[in-house]
Every structure is written in structure tokens, then in C-alpha cells.
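Just so you know, residue 1 is the first one in the sequence shown, and it goes up from there. Whatever order the structure lists them in is the order used to number ligands and atoms, beginning at 1.
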Amino acid sequence: MQSKHYFFLLLFLCLNSLHSQTLLIPERVFDGIAMHEDWVVAVNENRITYAGPMDGLKTAGSYTKHELKGMTLMPGIIEGHSHLLLHPYNETEWNDQVLKESPTERAIRGVVHAKKSLSAGVTSMRDLGSEGAGYTDVYLKKTIDDGIIPGPRTLMAGPAIVATGAYGPKGFHDGVKVPLGAVPVSGSDKAIKEVRTQLGNGANFIKIYADYRWGSGEPSQPTFLQEEINAMVSAATTAGRYVVAHASTPEGMRRAILGGVETIEHGDGATMEVLKLMKERNVALCPTLAAGDAIEQYKGWRKGKEADPERVAKKKISFQLALESGVDIVFGGDVGVFTHGENYRELELMVEYGMEPIKALQSATSVNARILHFDGLGSIQNGYLADIIAVEGNPLEDISQMKNVKFVMKDGIVYKNE
Ligand SMILES: [Zn+2]
């Protein structure tokens with residue numbers, strides 16, 4: 001190549017790289033831990049290169065400035081418990097989704113849900129099971145990661161694992177074969193085999209059901225034996241993966257904790273004794289407040305006009321206990337039970353049930369990044385991936401501002417700019 005051409009090529013490359021640097025100038029920045037007034041954030045390609053006061057920025061002239069007037073900039077929200085392949089139960093009951101909607105239909109719906117989630121500021125999510133749609137969640141993840149459809153970064157559970165006979169849909173005589181919401185196993189050998197099968201087929205982690213209602217309308221009871229849980233956790237951790245457990249009874253929770261799961265999902269019946277055990281074993285709680293709140297409203301509860309139903313009243317008490325116990329709280333609403341894109345409802349309830357707004361925001365960003373294994377995310381600091389959102393006003397003063405997401409950047413690419 002002639003040296004003149006080489007010079008122009010270099011100049012072009014330099015200009016190009018200058019153009020890809022963006023300086024975001026919001027009203028304030030929540031960095032995943034604390035709120036900072038008058039900070040700016042610089043982004044080069046898909047990385048954050050600076051976060052701090054404007055006068056600390058060394059090369060101020062070489063950035064394209066992007067003002068976010070009156071807004072709070074923060075890390076992209078990390079949803080801890082979603083079901084991209086479910087839609088609200090007041091539209092179609094869970095049973096009918098599993099029985100009557102094909103995996104193809106559910107995938108198409110999932111495409112819409114993924115887009116809505118990203119637009120709502122959810123740049124990462126841990127999805128807690130395809131609920132009868134096999135590995136459709138894994139395939140949905142692939143299309144997002146390949147850039148075919150817009151959506152969050154995801155960790156997918158795949159089909160999930162239940163004890164034989166414990167999961168739905170139920171109500172059929174034994175001659176009728178129906179698709180189940182998860183894969184049933186019995187015995188440690190079969191449980192280990194299923195963990196390996198699911199990991200081999202692309203599940204990023206394993207979800208088990210440590211308790212469930214054995215008959216419809218009955219209270220939940222433990223499902224797996226201790227040795228079955230221990231075996232599944234060993235099989236997963238050997239593979240460098242982790243296990244999470246659906247559990248709402250103290251005994252189901254206790255077995256899952258002792259077995260070595262990393263998070264307990266729901267935990268409605270948590271007692272202080274169980275919560276202390278969680279704290280001791282470094283197990284986090286994903287309380288899914290918004291799911292119970294939504295389901296009770298589907299059953300006819302007129303929220304705000306009528307007293308709390310028993311389920312909600314009890315949930316408030318166990319959530320308070322969880323806060324007192326000091327366990328890590330994972331932000332995760334079980335979205336899918338309610339409308340995708342309304343993930344903020346869990347944040348509103350966390351605050352309504354007694355959590356400090358700053359703690360709720362930490363949970364949805366830096367805490368979830370740490371607990372759910374989203375490395376390099378959940379924080380606005382030099383070197384972190386450029387998953388950045390901005391919301392109107394100050395969510396510390398009014399957590400409901402989290403519904404007003406105006407700017408969404410994922411991996412350095414702007415998906416929303418209003
Ligand atoms: Zn769920």
C-alpha cells in the first residue's frame with residue numbers, strides 16, 4: 001500500500017473511532033451502588049470508559065455529546081425471574097398456555113416479549129423455565145444473541161426439573177398424556193441424567209421445584225428427597241453451573257438450601273430460622289412479589305379498595321423478615337404472569353413492602369449481576385459493558401419513575417431514545 005493511502009486509512013480509522021465515543025450527560029447517575037449528581041458517562045463502542053464529574057474527563061473534546069435532560073442514568077435493569085414464553089394468566093390460564101399453545105406460537109410471542117422487555121430497560125434477564133415449551137427459550141436466546149431480534153442478554157433455565165407427579169397441568173385421568181410444565185424425575189440417577197441432558201442442550205443453569213401443590217387447591221408440600229437435590233446440585237456444579245429452586249414451604253426451602261442451590265424463588269413461607277440458614281449458606285431470595293400481587297387481582301381483589309388478601313398479607317410479613325435477616329434480595333417479579341415490560345412493578349412492591357428505594361435499585365443492578373453471574377454488568381464504571389438506561393426524574397424520590405424509561409443502550413447500541 002502506498003504511504004499516502006495508508007495515511008488516509010489511518011485518518012479514517014481514527015475519525016471512525018472518535019465517532020463511536022459517546023458522552024452521556026444526564027441529571028444524575030446511579031452507578032449500581034449510589035446516586036451521584038452532575039456525573040457524566042463516556043462510552044467507547046460497547047464499553048464504559050469513564051463515569052464521574054465532567055472535569056475528571058481528560059479528553060472532553062473528542063466525544064459526541066448526548067444530553068439526557070432531567071433524567072437519571074443507571075445500569076440496565078437485570079430481571080432475575082422472568083418467563084419470556086408465558087403471557088399474563090388473565091389472558092390465558094397457565095394450563096391452557098401449556099396445553100393449547102404450540103412451542104412455535106410461544107416462540108413468536110416470546111419475540112414480542114423480548115422486545116418489550118428491552119424497551120422497558122431490561123438489558124439482562126434470568127429466565128426461569130420454558131414451562132412446557134422444551135428448549136424454546138434456548139433457541140430464543142440464540143436469535144437474540146445472533147442479532148436476529150432485539151432483546152435482553154439472557155440466562156435460560158430450559159425445561160426445569162420436577163419430582164414425578166408433582167407438577168401440572170393436572171386434572172386428567174391416567175390414560176391421558178399431556179405435556180407437562182417441566183421434566184419429571186425420580187431417584188438420584190435419573191435426576192443427575194436430566195441435569196446433564198438439560199445443560200447439554202443449552203440450559204445456562206438448572207431450575208428445580210423443591211416443593212409444589214400435589215393436588216390442585218392444596219397447600220405446597222416438599223417434592224424431592226434431600227439426596228435427589230444433593231445429586232442434582234453436584235451434577236450441575238461439577239459442570240460449572242448452578243441450581244436454583246422454586247420453594248415456598250420452610251421444609252422445601254431448607255432442603256434446597258442444604259443441597260446447595262444459589263437462589264430460592266418465591267419463598268412465601270420463609271421463617272426467620274430458614275432465612276438465617278440462607279444467610280449462613282450465602283443463598284439469595286428472589287421474592288417475586290409482583291406475581292402474587294397480580295394473581296390475587298386476577299382472582300378479583302380490588303387493590304387499594306379492599307383489604308389485602310391473605311396471600312399478600314403473609315407475603316408482606318415474610319418479606320419484612322427477609323429484610324431483617326439480611327439475606328441478599330434478588331429483583332425478580334415472575335414477569336410473564338403479568339405483562340412483559342412491566343418489570344418495574346416488582347420494584348414498586350419492594351419499596352411498598354418496606355425496602356429502601358436505593359436497596360431496591362441496587363438489587364435490580366449490581367446485586368443481581370453478582371448473584372446471577374452476569375459478569376461485567378450491573379454497574380456504571382470504567383471497563384464495564386455499556387448496558388445503560390435513563391429514566392425520567394429521580395427514582396429514589398419516586399420509584400414509579402422506573403416505568404418511564406426513555407433511553408436504552410445495550411452493548412453500546414442505542415435501542416430507545418425518546
Ligand atoms: Zn416463575
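Taking the Zn ion (ligand 1) as reference, D334 places its N/O/S atom OD1 nearest. Looking at H83, its N, O or S atom nearest to the Zn ion (ligand 1) turns out to be NE2. Looking at H81, its N, O or S atom nearest to the Zn ion (ligand 1) turns out to be NE2.
R153 forms no cation-pi arrangement with F374, by the criterion of a distance under 6.0 Å to the ring centre and an angle within 45° of the ring axis.
The list of ring pair (Phe, Tyr, Trp, His ring centres under 6.0 Å) pairs with a residue in residues 321-349, not counting sequence neighbours, reads H113-H340.
A donor and an acceptor atom, one from each side chain of E131 and Y167, are located under 3.5 Å apart.
Taking the six-membered ring for Trp and thresholds of 30 and 60 degrees, H36 and W39 have nearly parallel ring planes, at less than 30 degrees apart.
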